[in-house]
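Structure, as structure tokens:
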Amino acid sequence: MTIPYKPRMKRQFVGGYQPRIDADEKAHGRAPYADDMISDRNYPGLLHAVVLRCPYPRARIIRMDVSKARALPGVKAVLTYEDPEVLRMKPTNAGWTDAVDTVSYEGMMWRKFRDRRVLGDYATWAGDEVGVAIAAISQQIAEQALKLVDVDWEVLPFELDPLKALKPGAPVIHPETASTNVLPPDPVGGPDVFLVKGDIEKGFAEADVVLEMDTKHHNPTQGSLDPWCCMATWEGDQLTIISNSYATDQTRMHVSQMLEIPIHKVRVVSKYVGGQFGRGDTGDQPFFIFTALLAKIAGQPVKFKHSRRDSFHDTRQPAQYHCKVGAKADGTITALHFKSIGDIGAHADHSVFALKFAPAEISEAALAPIPNIKMESYAVYTDHIPGCMMRGVGNSQFNFIFGRMIDGLAEKLGKDPIALSIQNFGHEWGSCPDASLKAVLETGAQRIGWTEKRHQPGTGPLYEGFKRRGVGFSVHPGWHAEWQEERRGQVQVKITLNPDCTVTLDAPTVETGTGSNTCNVLGCAEALGFLGIQPKDIAWVAAIDTDRGMRDCVQTDSAVSFLQSEVMIVAAQELKKKLLDTAASFLQLKTDDLEIVKGRIVGAGKEISVKELLMKGDLVPISVMISRHPASQRTGVPYIASFAEVEVDTSTGRTQVV
Amino acid sequence: MVDSPRNSVNKKINLRINGEWHEYEIGRDLEPCTTLSAFLRERLGFTGLKVSCDEGACGACTIILDGKAILSCMMLAVEADGKDVLTIEGLAKDDPVIEAFAEQSEPGHGTALQCGYCTPGFVMSVRALLNENPDPTLDEVKEALSGNLCRCGCYAGIVMAVRHASEKIAQRARQE
């Protein structure tokens with residue numbers, strides 16, 4: 001059943017169904033991605049870089065001989081862990097380079113967990129990039145040269161099971177950041193027991209039923225189709241990086257501080273990106289640094305591109321959850337205890353975000369009516385591939401146990417899980433039952449035919465003699481409201497009105513597919529309604545270039561469209577004031593006497609179109625740039641529910657969504 | 001038969017690309033090991049096709065060769081000697097498949113693309129399908145597109161775009 005969205009308020013451009021502004025160039029194959037731009041054809045003399053990846057789960061380089069690689073014809077630059085510019089480099093964390101806001105080295109979120117080195121000599125998973133990077137005139141020659149590198153490895157004992165890595169005596173993986181394999185408490189994530197509300201023991205004592213359950217998430221990969229790549233090129237001491245990173249300003253800060261060169265000597269450009277999905281959260285950002293150094297050594301532009309295999313080097317955090325829930329016979333939940341163990345793999349990166357930060361936020365946004373809650377988490381190093389965010393910070397992992405808890409409790413109490421959810425859940429800034437939660441669950445139930453189809457496990461009809469069907473749902477708070485994005489700091493937008501009454505919109509964000517470019521153009525047209533223009537009259541600046549002097553708003557949290565749109569409204573009003581001042585001066589009237597209606601300036605019996613006014617003037621575009629913090633007002637959160645009916649072939653186990 | 005770069009010197013291949021014949025010299029313009037996808041993108045600048053997996057798994061490099069949708073990363077450029085290559089750049093500006101993908105936006109199905117990286121591959125697979133079968137069933141569409149991955153998950157919109165492209169073709173045929 002398809003029911004079109006109905007906006008609460010009728011607007012001219014926002015609130016309907018429109019093709020994306022980039023759909024035409026994307027459908028023609030004309031939208032430029034980094035890998036299209038950085039080609040031998042466009043950059044004659046382009047070199048191609050490769051990096052050594054450790055073949056062992058844990059190992060240290062004892063000795064390396066690169067002489068044969070260096071001697072191979074076509075090799076132009078070799079950089080190793082023994083080179084002084086590598087040796088003096090600071091340790092880092094991919095959670096820095098993937099931050100949603102630009103932060104300095106000193107201010108990075110996970111500054112206690114700087115366990116990554118650019119081309120270090122110590123590898124903690126079979127795939128860790130270490131030791132040496134090589135640039136050559138072709139990818140094939142660079143790969144051939146890498147095979148000629150002679151490495152003596154000290155192969156070390158390793159651990160792949162987080163439950164064993166937790167135990168005393170387990171070999172410590174990163175002694176420089178954690179004295180055991182469990183990440184210590186930090187200012188963002190808090191202690192191991194990171195959330196205590198009320199008294200769960202008292203809550204369980206008051207309960208009529210107590211239930212325990214476990215979930216174990218796997219390591220899916222973001223698997224963007226557009227492999228990460230970058231090109232670094234120097235002109236004198238000026239470094240330019242073109243990449244498909246989704247954070248240009250943060251990349252500039254990262255490169256500037258790691259290479260210790262001033263910010264104004266670094267330029268970072270990104271255009272279209274073929275999917276992000278959180279791939280940078282645990283990723284191999286050191287490649288920006290060694291690519292820049294190789295380009296400096298060679299004096300030629302250098303490209304580094306992930307292979308398809310390299311593109312699978314980021315994953316979603318595979319948290320194991322245990323939940324204990326207590327409830328009264330009437331369904332009221334009296335206590336909840338969640339404990340998670342995260343196999344964070346070889347590097348800490350953003351993993352605490354998934355394990356502690358996200359569940360704490362979800363608790364505020366969904367579990368507020370429950371009086372007694374305890375949450376604890378243990379982020380455990382292993383020699384696995386690192387794992388953190390993918391399409392949600394830690395939401396999927398938490399939703400998995402949360403959904404099981406709702407279903408398990410409903411089954412035990414003989415209650416409807418929808419009624420149980422409405423009875424128990426809500427956010428800190430509202431009341432229970434929550435109107436949004438009730439609306440999404442009841443509407444979803446009605447649309448899928450919940451009452452007719454829902455049945456107790458094992459009691460439904462058989463289809464074709466061996467198939468069974470069941471309906472279910474998951475419910476989740478949409479917890480990225482504007483005020484929850486305050487940590488990003490100021491959001492910047494610039495609107496330029498050109499003399500012909502067209503508009504150039506700098507709402508800088510790297511387009512990864514989310515469509516905020518389209519939302520922003522529609523929002524801008526709406527905010528500039530007084531100009532009487534259409535969305536086609538607005539050009540959105542797609543090349544996000546740090547030299548334009550603005551910080552880009554990074555595509556995370558499904559938040560960019562509304563964060564930038566809120567700033568655009570303010571910028572549009574400022575633009576209107578400037579335009580009225582210009583008109584008043586031209587018409588020799590007072591600003592207060594004038595108004596702009598649908599592209600015409602009227603007042604005191606005079607009238608002139610905006611275009612006519614601007615074309616008669618000095619032809620200087622009118623620009624307004626606004627930097628604004630996200631609004632801090634606590635507005636609460638809406639809820640999202642997804643329903644599905646599935647059919648299980650009981651003879652084969654094959655499961656299909658009906 | 002090209003068996004080594006040394007033996008291939010002075011050997012030439014001819015490709016008809018987007019309607020025009022071109023001659024290329026092995027050793028100068030391409031190597032015997034150059035894949036068709038790499039040759040088209042890196043040497044000739046046809047960057048509409050993408051090299052994403054480079055191992056025949058994702059469909060992003062799909063082009064049309066002698067009327068059939070093929071994976072250009074799974075073929076050597078020399079194997080295309082004497083053949084007719086159609087890349088997305090060779091489709092008409094108002095190609096009904098391109099138009100349908102670009103215009104797609106409707107309740108319950110969404111758009112046919114988000115990040116757009118897989119889109120040229122999908123467009124070429126659909127173009128080849130509709131050339132042979134202008135009014136395919138849903139199962140035929142699914143089968144024809146089973147080698148193309150969209151990581152953004154726009155499959156519902158893509159299926160609708162195929163239907164709309166099919167309608168456009170029928171409509172244009174009626175007008176002619």
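Just so it is clear: chains get the letters A, B, ... in the order the sequence lines come, proteins before strands, and each one is counted from 1.
- Within the 4.5 angstrom heavy-atom criterion, only side-chain atoms of R391(A), from C-beta onward, approach chain B.
- Of the inter-residue distances, the one linking E55(B) atom CD with S307(A) atom OG reads 9.0 Å to the nearest 0.5 angstrom.
- Looking only at side-chain heavy atoms (C-beta outward), E31(B) and Q140(A) stay at 4.5 Å or farther from each other.
- Looking at C152(B), the atoms closer than 4.5 Å to chain A (heavy atoms on both sides) sit in the backbone and in the side chain alike.
- Annotation: K168(B), atom NZ; neighbour count of heavy atoms from other residues, nucleotides and ligands within 6.0 Å is above 12.
- If you measure heavy-atom distances from E106(B) to chain A, the contacts under 4.5 Å come from the backbone alone.
- Contact count versus chain B (heavy atoms, under 4.5 Å) is highest, among S224(A), G223(A), S311(A), G275(A), for G223(A).
- Looking at I98(B), both its backbone and its side chain come within 4.5 Å of chain A, counting heavy atoms on both sides.
- Contacts of Y272(A) with chain B are absent, with no heavy-atom separation under 4.5 Å from either backbone or side chain.
- The candidate with the highest count of non-hydrogen atom pairs below 4.5 Å against chain B, out of T512(A), D35(A), D40(A), V273(A), is D35(A).
- You'll find the side chain of H28(A) stays beyond 4.5 Å of the side chain of L91(B), heavy atoms only.
- Top candidate by heavy-atom pairs under 4.5 Å with chain B, chosen from R41(A), K305(A), Q276(A), M37(A), is R41(A).
- Atom CZ of R163(B) has 12 or fewer neighbouring heavy atoms from other residues, nucleotides or ligands inside a 6.0 Å radius.
- Shown here for A27(A) and F101(B), the closest heavy-atom pair between the two residues is CB-CB, 4.0 Å.
- A donor-acceptor pair under 3.5 Å links the side-chain atoms of K26(A) to the main chain of C115(B), judged by distance alone.
- The neighbour count for R28(B) CZ, taken as heavy atoms of other residues, nucleotides or ligands under 6.0 Å away, is above 12.
- Of the possible donor and acceptor atoms, one in the side chain of R151(B) sits under 3.5 Å from a partner among the backbone N and O of Q222(A).
- If you take CD on Q139(A) and CD on E42(B), they are separated by 10.0 Å, rounding to the nearest 0.5 Å.
- One distance of note links OH of Y17(A) with CD of Q104(B); it measures 12.0 Å at 0.5 Å rounding.
- In this structure, the side chains of C118(B) and L225(A) come closer than 4.5 Å at one or more pairs of heavy atoms.
- Contact of the R308(A) side chain with the S52(B) side chain is registered, since non-hydrogen atoms from C-beta on lie closer than 4.5 Å.
- No side-chain heavy atom of D24(A) sits less than 4.5 Å from a side-chain heavy atom of E99(B).
- Within 6.0 Å of the CD atom in E143(B), the count of heavy atoms belonging to other residues, nucleotides or ligands does not exceed 12.
- Considering every non-hydrogen atom in both A102(B) and A23(A), the closest pair reads O-CB, 3.2 Å.
- More than 12 non-hydrogen atoms from other residues, nucleotides or ligands lie less than 6.0 angstrom from CZ of R172(B).
- Y33(A) and G116(B) make their closest contact through OH-C, 3.1 Å (heavy atoms, listed as atom of the first residue, atom of the second, distance).
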